[in-house]
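Presented below is the structure to which this report refers.
Ligands are counted one by one from 1 in listed order, and the atoms in each one are counted from 1 as well.
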Amino acid sequence: MKKFEEQLIKEVEALKSLQPGERKGNVGWESPSNIAFVKYWGKYPRQIPANASLSLTLSKAVTRTRAAYNYDPKREKPVVQFEFEGQRKGDFTARIEKYLSGLDEFMPWIRHTDFSISSENTFPHSSGIASSASAMSAMALCLCDIEQEIYRQEYPGDFFRRASFLARLGSGSASRSLYGKMAEWGITASCKDSSDEFAIPVPEIHDAFMDMKDSILIIESGKKRVSSSLGHDLMRSNPYSKLRFEAAEENMQQLCNVMQNGDLGGFIDIMENEALSLHAMMMTSSPGYVLMQPNSLEAIHRIREFRSRTGLAIGFTLDAGANVHVIYPGEQAESIRKFIDQELKELCEHGAIIHDEMGSGPKRI
Ligand code: DP6
């Protein structure tokens with residue numbers, strides 16, 4: 001068993017001696033999505049990542065989750081009701097139920113609690129923004145608050161670290177949404193406090209990266225064609241996976257260096273290499289997937305051409321889909337936004353672009 005997990009299980013023992021306080025109540029959290037610069041792609045059982053990853057926490061793309069709870073130690077079959085944007089959603093409810101039952105060893109009170117949860121996103125579900133990251137981190141934070149209310153005790157350790165651990169069990173990338181600015185998850189030689197069990201805030205970020213922008217080009221809306229779980233699974237048999245995990249660690253170490261010394265050019269090289277490597281992994285899996293669309297490629301060519309023409313620090317990254325995240329520093333935003341409107345907007349479905357930026361992390365609501 002992993003170290004932090006062991007510690008959490010010991011803490012559960014300590015809770016047993018406490019008399020529950022509140023039995024009913026309401027909590028709420030707003031939690032952001034994130035976009036990875038070094039990608040998490042490939043995992044082992046219990047959501048242990050095959051390589052470390054690093055992401056930018058977004059500001060506007062958030063999930064707001066409110067949870068009403070009713071705890072009764074005599075209850076054995078809790079009822080979970082889940083509404084997404086005002087509508088009951090059966091598939092989401094099943095996912096939440098599965099998630100909650102998987103947390104039994106860390107939060108045994110869950111099995112005696114009814115939940116009525118409502119959740120909404122500030123971004124369209126079809127935009128390709130990682131909604132599981134914001135949704136599962138908001139959910140984990142609500143659970144941590146409910147526990148504090150039930151036992152009338154503030155969590156004695158690092159509240160966000162534990163929430164990150166719990167969010168990870170729901171979705172790997174969600175572990176990184178617990179902190180503002182940038183977060184790192186997974187053991188890497190470049191960060192001494194790194195862990196596979198939870199994410200941590202990136203400790204040293206040069207001023208050059210402190211106002212990062214992310215303009216998301218919606219090349220194709222609609223449901224993801226390949227789920228992340230399938231993608232992670234494909235890495236088990238991908239003939240290049242071992243090399244990919246080594247390359248990710250190499251990129252992680254280099255990214256941490258440029259993050260400290262403010263080398264925007266070096267940063268862009270690593271970020272783009274990571275995005276293209278992720279897509280290369282999908283193409284070389286069996287079956288192989290081509291997730292980019294012609295307009296994704298056209299956007300990439302135009303971004304690179306604009307960069308070499310102007311010398312501005314603009315780069316791209318992609319998740320496992322066709323939409324292109326255009327990444328640039330705030331101080332160059334004026335000229336870059338003009339370029340986006342004039343040359344990239346026409347490549348987007350109905351001209352749709354979501355302009356987001358570095359955010360400050362989750363908030364209670
Ligand atoms: C391409 O976190 O969605 O966005 O752990 O199975 O829920 P699960 O996967 P998920 O994978 C994210 C993959 C990615 C890269 C990243 O965010 O690092």
Inset, instruction - Show which atoms of ligand 1 fall inside a sub-4.0 Å distance from at least one heavy-atom site of Ala36. - result: 16 (C), 17 (O), 18 (O)
Inset, instruction - Look at atom CD of Glu331 and say whether more than 12 heavy atoms of other residues, nucleotides or ligands are closer to it than 6.0 Å. - result: no
Legend entry - Contacting atoms of ligand 1, where contact means under 4.0 angstrom from a heavy atom of Ser132: 3 (O)
Inset, instruction - Show your reasoning for whether side chain to side chain contact (heavy atoms under 4.5 Å, CB included) applies to Phe267 and Leu255. - result: CA-CA 6 Å; Phe267 163 75; Leu255 191 69; 3.5 Å; yes
Inset, instruction - To the nearest 0.5 angstrom, please state how far the CZ atom of Arg66 sits from the CD1 atom of Ile117. - result: 13.5 Å
Inset, instruction - Just say parallel, tilted or perpendicular for the rings of Tyr71 and His112, cut-offs at 30° and 60°. - result: perpendicular
Inset, instruction - Please state whether Met136 comes within less than 4.0 angstrom of ligand 1, counting heavy atoms only. - result: no
Inset, instruction - Report the part of Ser173 in contact with ligand 1, treating N, CA, C, O as backbone and CB onward as side chain, heavy atoms under 4.0 Å; options are side chain, backbone, both, neither. - result: both
Inset, instruction - Would you mind telling me which of Phe4, Phe198, Trp185 makes a ring-ring contact (aromatic ring centres under 6.0 Å, His included) with Phe165? - result: Phe4
Inset, instruction - Using distance alone, decide if ligand 1 has a nitrogen or oxygen within less than 3.5 Å of any nitrogen or oxygen in Ser228. - result: yes
Inset, instruction - Please state which part of Ser171 comes within less than 4.0 Å of ligand 1, counting heavy atoms only: side chain, backbone, both or neither. - result: both
Legend entry - Contact atoms of ligand 1, heavy-atom distance to Gly172 under 4.0 Å: 2 (O), 5 (O), 7 (O), 8 (P)
Inset, instruction - Using a strict 4.0 Å cut-off to heavy atoms of Arg176, name the atoms of ligand 1 that fall inside it. - result: 16 (C), 17 (O), 18 (O)
Inset, instruction - Write down the atom of Arg244, the atom of Ser277, and the distance for their closest heavy-atom approach. - result: NH1-CB, 3.9 Å
Inset, instruction - Please check if atom CD in Glu334 has more than 12 non-hydrogen atoms from other residues, nucleotides or ligands closer than 6.0 Å. - result: no
Legend entry - His232 and Trp41 aromatic ring geometry - parallel, tilted or perpendicular at 30°/60° bounds: tilted
Inset, instruction - Kindly check if the number of other-residue, nucleotide or ligand heavy atoms within 6.0 Å of NZ (Lys60) is above 12? - result: yes
Legend entry - For Trp41, the ligand 1 atoms whose distance to one of its heavy atoms is below 4.0 Å: 1 (C), 13 (C)
Inset, instruction - Decide whether an N or O pair under 3.5 Å exists between Gln47 and ligand 1. - result: yes
Inset, instruction - Please state whether Arg168 comes within less than 4.0 angstrom of ligand 1, counting heavy atoms only. - result: no
Legend entry - Polar proximity ligand 1 side, Lys43 side, N/O cut 3.5 Å exclusive: yes
Legend entry - N or O pair under 3.5 Å between Leu278 and ligand 1: no
